[in-house]
Amino acid sequence: MLETQLSHLESAALARIQGARSPEELEAVRIEVLGRKGSLTQAGKEMGKVPPEDRARIGKLLNAAKQALESAFESRQRQFDAQALEARLSAEWLDLTLPAPGPQMGHLHPITQIQSEIEDLFVSLGFAVLDGPEVETEYHNFDALNIPADHPARDMQDTFWLTGGNLLRTHTSPVQVRGMERLGPPLRMIAPGRAFRNENVDASHEHTFYQIEGMMVDRDVSVAHLIYFMKTLLTAIFKREVTVRLRPGYFPFVEPGFELDIQCLICGGPGCPVCKQSGWVELLPCGLVNPNVLRMSGIDPDQWNGFAFGLGLTRLAMMRYAIDDIRLLQSGDLRFLQQF
Ligand code: PHE
């Protein structure tokens, strides 16, 4: 009795295993047959009713049925696994013959680009490009520029003081002092480089920024020379004719000193938000070199005079590329740098 029941059960289960169309369906069948309440498990519980002399034989049949079904489940499962693998392999294939993306090329920082352009221009006008130390003496950064220790102008530049009276240069003007000392007149030079000030950093202030300061010392140098060179410079930088004006500005190392403004390049004069409705944008300080400064560097102010100017490279880069946060320039953020 149990024997026929067993063989029906086995053949019915085998048919369902073969007929299962998905791993989920197969699993459902497995639970129905071999699970704790499955049909084969239930049949095993009938063993108690089998007469003792038949038990060994029926028990063997039961085990054989169980093993046959388990291996049928396994091989059907393997078929499904193989199908799934096949499907993945055809969906996720990789063409190993495609060319690789290639190494990423670096390029010059936007400030370096502008610096090189301006250097080229001044070299073409007969200026030397001079370099100097970033750690400076108090003398070269201040005293030799007509800013003695008790002078209120020292407060115009918040200084990072180092030990031994040294400091991080607050502008590149000390390179001009070194240039005058070393080269003597006549002299045309520019001094590009980093300058440092103890600023609270925000969108428009940095403790480290780039400048190009320049100087020409010769006979009978006038404000007209200064304006000529500045106009030539600005036309080259902005790649168009610019209108400039001078306003009085105070710097101890120049006399007279000026703030040079350019007519707003956005609105061309009538006023807009960029120029705060004034039509003019303040661009660079400049002036005729103070005779005291010449004298201190060993140049006779009765024989020679000159002009000097300071150009904020960081500011220029921000103006040219409409960068609204100074901190981006030294962030090292490739998402920013890759745009230039
Ligand atoms: N050295 C001045 C500064 O950095 C700029 C300047 C240079 C002003 C030359 C006038 C003439 O603040």
Side-chain angles (χ1 to χ4, degrees), residues 111 115 118 122 127 129-134 136-148 151-160 167-180 187-199 204-218 221-223 225-231 233-234 244-262 281-294 296-297 299 301 305-318 326:
I111 290 183
Q115 180 177 328
I118 298 177
F122 275 104
F127 284 63
V129 181
L130 297 192
D131 210 358
E134 293 181 339
E136 259 299 0
T137 62
E138 186 177 354
Y139 174 78
H140 285 96
N141 194 82
F142 287 127
D143 301 79
L145 291 162
N146 203 28
I147 320 175
H151 198 288
R154 284 223 179 173
D155 296 338
M156 288 165 74
Q157 304 180 350
D158 292 313
T159 308
F160 285 114
L167 46 79
L168 291 183
R169 67 182 181 198
T170 57
H171 45 190
T172 55
S173 307
V175 183
Q176 299 176 349
V177 174
R178 291 175 182 278
M180 286 187 287
L187 157 80
R188 296 180 188 191
M189 54 153 292
I190 56 168
R194 291 197 299 179
F196 310 86
R197 292 191 195 172
N198 197 349
E199 302 267 8
S204 46
H205 297 91
E206 254 287 15
H207 47 66
T208 304
F209 54 94
Y210 289 76
Q211 287 190 323
I212 289 190
E213 295 211 3
M215 163 182 264
M216 170 168 153
V217 177
D218 211 316
V221 174
S222 71
V223 175
H225 293 105
L226 169 63
I227 293 178
Y228 166 77
F229 279 101
M230 294 304 99
K231 279 198 77 161
L233 165 69
L234 297 174
V244 304
R245 74 172 184 192
L246 295 182
R247 279 182 297 115
Y250 174 67
F251 303 92
F253 32 91
V254 284
E255 178 58 38
F258 305 106
E259 292 286 359
L260 183 145
D261 299 339
I262 56 169
V281 178
E282 185 178 313
L283 196 67
L284 63 94
C286 54
L288 296 187
V289 183
N290 190 305
N292 287 337
V293 171
L294 293 174
M296 273 187 278
S297 293
I299 297 176
N305 68 338
F307 68 73
F309 62 92
L311 198 59
L313 273 185
T314 302
R315 244 223 41 252
L316 266 188
M318 291 174 76
I326 195 170

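Counting starts at 1 for both ligands and their atoms, following the listed order. When a residue number appears, it is its place in the shown sequence, counting from 1.
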Residue and atom name of the nearest protein heavy atom (relative to [atom]), distance in Å to one decimal:
atom: atom 10 (C) of ligand 1; answer: Phe253 CE1, 3.6 Å
atom: atom 4 (O) of ligand 1; answer: Gln211 NE2, 2.9 Å
atom: atom 3 (C) of ligand 1; answer: Arg197 NH2, 3.6 Å
atom: atom 1 (N) of ligand 1; answer: Glu213 OE2, 2.7 Å

Please list, in number order, the atoms of ligand 1 under 4.0 Å from a heavy atom of [X].
X: Cys286; answer: 10 (C), 11 (C)
X: Ser173; answer: 1 (N)
X: Gly310; answer: 7 (C), 9 (C)

Check the angle between the aromatic planes of Phe122 and Phe309 and answer parallel, tilted or perpendicular using the 30° and 60° thresholds.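 Parallel: the ring planes of Phe122 and Phe309 meet at under 30°.
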In terms of the angle between their ring planes, are His151 and Tyr250 parallel, tilted or perpendicular, with boundaries placed at 30° and 60°?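 Parallel: the ring planes of His151 and Tyr250 meet at under 30°.
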Applying a 4.0 Å heavy-atom criterion (strictly less than), which segment of Ala195 is in contact with ligand 1: side chain, backbone, both, or neither?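 For Ala195, no heavy atom sits under 4.0 Å from ligand 1.
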Decide yes or no for Ile262 and Val244: does some side-chain heavy atom of the first lie under 4.5 Å from some side-chain heavy atom of the second?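 Result yes, sub-4.5 Å side-chain heavy-atom pair found.
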Taking Arg315 first and then Glu282, would you say they form a salt bridge - that is, a charged N and a carboxylate O separated by under 4.0 Å?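 The answer is no: the pair does not qualify as a salt bridge.
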Salt bridge present between Glu206 and Arg194 (N-O < 4.0 angstrom):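 No, this pair does not count.
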Sub-4.0 Å heavy-atom approach of Ala308 to ligand 1: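 The answer is yes, since Ala308 has a heavy atom less than 4.0 Å from ligand 1.
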Quick one: does any side-chain atom of Thr172 pair with a main-chain N or O of Ala191 as donor and acceptor, under 3.5 Å?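 Side chain of Thr172 to backbone of Ala191, a donor-acceptor pair under 3.5 Å: yes, one is there.
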Return yes if some donor-acceptor pair links the side-chain N/O of Glu259 with the main-chain N/O of Gly249 below 3.5 Å, else return no.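 No: the side chain of Glu259 does not pair with the backbone of Gly249.
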